[in-house]
Amino acid sequence: MTIGGNQPIAIQSMTNTKTQDAEATVAQILRLERAGCQIVRCTVPDMEAAQALPEIKKKIHIPLVADIHFDYRLAIASMENGADKIRINPGNIGSAENLKAVVDVARDRNIPIRVGVNSGSLEKGLVEKYGGVTAEGLVESALDKVRMIEDYGYQNLVISIKSSDVLMCVRAHELISARTDYPLHVGITEAGTVQSGNIKSAIGLGLILHQGIGDTIRVSLTGDPVEEIRSAKMILRTLGLRQGGIEVVSCPTCGRTSIDLISLANQVETMVTEFPLNLKVAVMGCVVNGPGEAREADIGICGGRGEGLIIRRGEVIRKVLEKDLLGALRYELEHWKMAEPGN
């Protein structure tokens, strides 16, 4: 796939299996694919992991990025074993000769190099220069690394500058986007658990992407990487940067709610991922805002006392018991195409 320029923003994730275990890694990547992942990265900490890449590549359907630190030989072996892209930090890959050897192989095979710099590993000299870890230091570090590779005559590059400090990360991307045309991979690193990480990532990525900055994204969460894909898709849809998929809106509930709306909304949100439809589904709990919100959606549930209305395109089509609401919604989704005007 192509990234950068006018291409849509691509969603990435990273496996947390042992790459040496090709079977487990493939299984996780296939789950990520089904969730909507478009590029996947896996760590290559040793030669056994590099040698597992051909088996992994044979069974997946999206580009595979090899994540390399410290040992330039692993970068070369990963490319020789089919990696579609490598991620390195030229500052920790060893001598200039080692870096040149990596770049030479990448050039021969036209394999992109992602140059990654994190705030946690910013060079001591830049920390001292800027009086701490700063956005300016991150940008200078990244561009220095880019120049190291450009000096060897290679420019098929992607830049990644990440920090767990959300506002620092935003500022760094604003600065670097004004100084380079290379594609940028955007994310808030070490964002945290699914709950806190989603909040930090939504704020940080939202501020960056809304300025037109960024070509690929990863929502970094401590948890199942499939959650990263779900969050990334929601962020992009909310910003109007991606179409497709079912959007679920649901009310926060109050004392008027007479059905178990919290459980129902969570079940609906999980269920709709099965359907490749571009729809808005409303799950509402009472008669105050429920009918209006449900009518504005393509399909809606409006709860009552132990029962609820199913509303399709603004029209009530039937009333069902609470226990049957999820099944009734599933039926509507399964038969949506047949229910479209003209069918």
Side-chain angles (χ1 to χ4, degrees), residues 3 9-19 21 24-45 60 62-67 69 85 87 89 114 116-121 138 158 160-170 172-173 184-210 213-239 241-242 245-248 250 262 265-274:
I3 64 172
I9 295 169
I11 296 174
Q12 293 197 33
S13 186
M14 186 172 184
T15 58
N16 58 17
T17 57
K18 300 296 184 185
T19 308
D21 185 345
T25 302
V26 166
Q28 188 171 80
I29 293 174
L30 293 179
R31 287 180 60 233
L32 288 166
E33 287 183 12
R34 289 192 292 271
C37 183
Q38 296 169 287
I39 302 171
V40 67
R41 180 163 51 114
C42 62
T43 186
V44 181
I60 66 172
I62 57 177
L64 182 65
V65 183
D67 189 83
H69 288 282
K85 181 166 73 176
R87 186 271 193 188
N89 180 340
R114 172 177 149 188
V117 175
N118 281 7
S119 59
S121 57
L138 282 173
V158 179
S160 170
I161 50 172
K162 292 187 178 182
S163 173
S164 57
D165 183 315
V166 174
L167 295 182
M168 181 193 299
C169 201
V170 172
H173 282 87
L184 298 176
H185 171 69
V186 181
I188 307 300
T189 193
E190 291 121 20
T193 61
V194 172
Q195 180 176 355
S196 62
N198 270 328
I199 293 171
K200 291 173 69 173
S201 294
I203 292 171
L205 289 171
L207 289 169
I208 294 167
L209 296 172
H210 191 56
I213 300 168
D215 300 285
T216 70
I217 65 169
R218 180 191 176 192
V219 176
S220 299
L221 301 176
T222 306
D224 185 341
V226 169
E227 294 294 335
E228 300 183 352
I229 307 306
R230 294 172 180 160
S231 300
K233 289 165 71 174
M234 178 63 73
I235 290 169
L236 291 175
R237 281 204 301 264
T238 302
L239 291 167
L241 297 172
R242 175 173 288 236
I246 296 178
E247 177 189 3
V248 177
S250 59
I262 295 173
N266 280 300
Q267 292 179 75
V268 168
E269 193 164 64
T270 299
M271 183 185 71
V272 298
T273 61
E274 303 173 23

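For reference, positions follow the sequence shown, starting with 1. Owing to the predicted nature of the structure, the values given are computational and were not obtained by experimental measurement.
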Compare every heavy atom of [Y] with every heavy atom of [X], then report the nearest pair and how far apart it is.
X: S201; Y: I188; value: CA-CG1, 4.1 Å
X: A35; Y: K233; value: O-NZ, 2.9 Å
X: I229; Y: S13; value: CD1-CB, 3.6 Å
X: C169; Y: I208; value: O-CD1, 4.2 Å
X: C42; Y: L64; value: SG-CD1, 3.8 Å

- Message: For the backbone of I9 and the side chain of R242, can you confirm whether one donor and one acceptor N or O come within less than 3.5 Å of each other?
- Response: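 Yes.
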- Item | Single hit among R218, R41, R114 for salt bridge (Lys or Arg N to Asp or Glu O under 4.0 Å) with D67 |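 Of R218, R41, R114, salt bridge (Lys or Arg N to Asp or Glu O under 4.0 Å) with D67 is met by R41 alone.
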- Message: Under the criterion side chain to side chain contact (heavy atoms under 4.5 Å, CB included), I'd like the reasoning laid out for K85 against V158: C-alpha separation, chi angles, the key distance, then a yes or no.
- Response: CA-CA 10 Å; K85 181 166 73 176; V158 179; 4.2 Å; yes
- Message: For a side chain to side chain contact (heavy atoms under 4.5 Å, CB included) check, start with the C-alpha distance between Q12 and I217, then their side-chain angles and the critical distance, and finish with the verdict.
- Response: CA-CA 6 Å; Q12 293 197 33; I217 65 169; over 6 Å; no
Pair [X]-[Y], side-chain donor/acceptor within less than 3.5 Å:
X: H69; Y: R87; value: yes
X: T43; Y: T19; value: no
X: E227; Y: N198; value: no
X: T15; Y: Q28; value: no

- Message: Just to verify, what does T273 make a side-chain hydrogen bond (donor to acceptor under 3.5 Å, both in side chains) with, not counting sequence neighbours?
- Response: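 Expected list: none.
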- Evaluate the criterion side chain to side chain contact (heavy atoms under 4.5 Å, CB included) for residue pair I39 and I11; output intermediate values, then yes/no. CA-CA 6 Å; I39 302 171; I11 296 174; over 6 Å; no
- Message: Salt bridge or not between R31 and D224? Use side-chain N to carboxylate O under 4.0 Å.
- Response: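 Looking at D224 together with R31, the answer is yes, because their closest N to O distance falls below 4.0 Å.
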- Residues E247 and R237 bridged, charged N to O under 4.0 Å: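 Salt bridge between E247 and R237, a charged N being under 4.0 Å from a carboxylate O: no.
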- Applying the side chain to side chain contact (heavy atoms under 4.5 Å, CB included) test to V186, which of L205, D215, T216 qualifies?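 So, applying the side chain to side chain contact (heavy atoms under 4.5 Å, CB included) to V186 and each of L205, D215, T216, only L205 qualifies.
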- Query: So among T270, I262, V268, which one has a side chain to side chain contact (heavy atoms under 4.5 Å, CB included) with N266?
  - Reply: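 So the option named by the test is I262.
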Hey, what do you get for [atom1] ([X]) to [atom2] ([Y]), rounding to the nearest 0.5 Å?
X: L221; Y: S231; atom1: CG; atom2: OG; answer: 5.0 Å
X: H185; Y: I161; atom1: NE2; atom2: CD1; answer: 11.5 Å
X: T189; Y: K200; atom1: OG1; atom2: NZ; answer: 9.5 Å
X: L209; Y: L236; atom1: CG; atom2: CG; answer: 6.5 Å
X: S163; Y: L138; atom1: OG; atom2: CG; answer: 6.0 Å

- How about P225 and N16: do any of their side-chain heavy atoms sit closer than 4.5 Å?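 The answer is yes, as the side chains (C-beta and beyond) meet within the 4.5 Å cut-off.
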- With sequence neighbours left out, what residues match I203 under side-chain contact (heavy atoms from CB on, under 4.5 Å)?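 I203: side-chain contact (heavy atoms from CB on, under 4.5 Å) contacts with V166, I199, L207.
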- Task: Decide side chain to side chain contact (heavy atoms under 4.5 Å, CB included) for S160 and L184; before the verdict, give the C-alpha distance in whole Å, the side-chain angles of both, and the deciding distance to 0.1 Å.
- Result: CA-CA 6 Å; S160 170; L184 298 176; over 6 Å; no
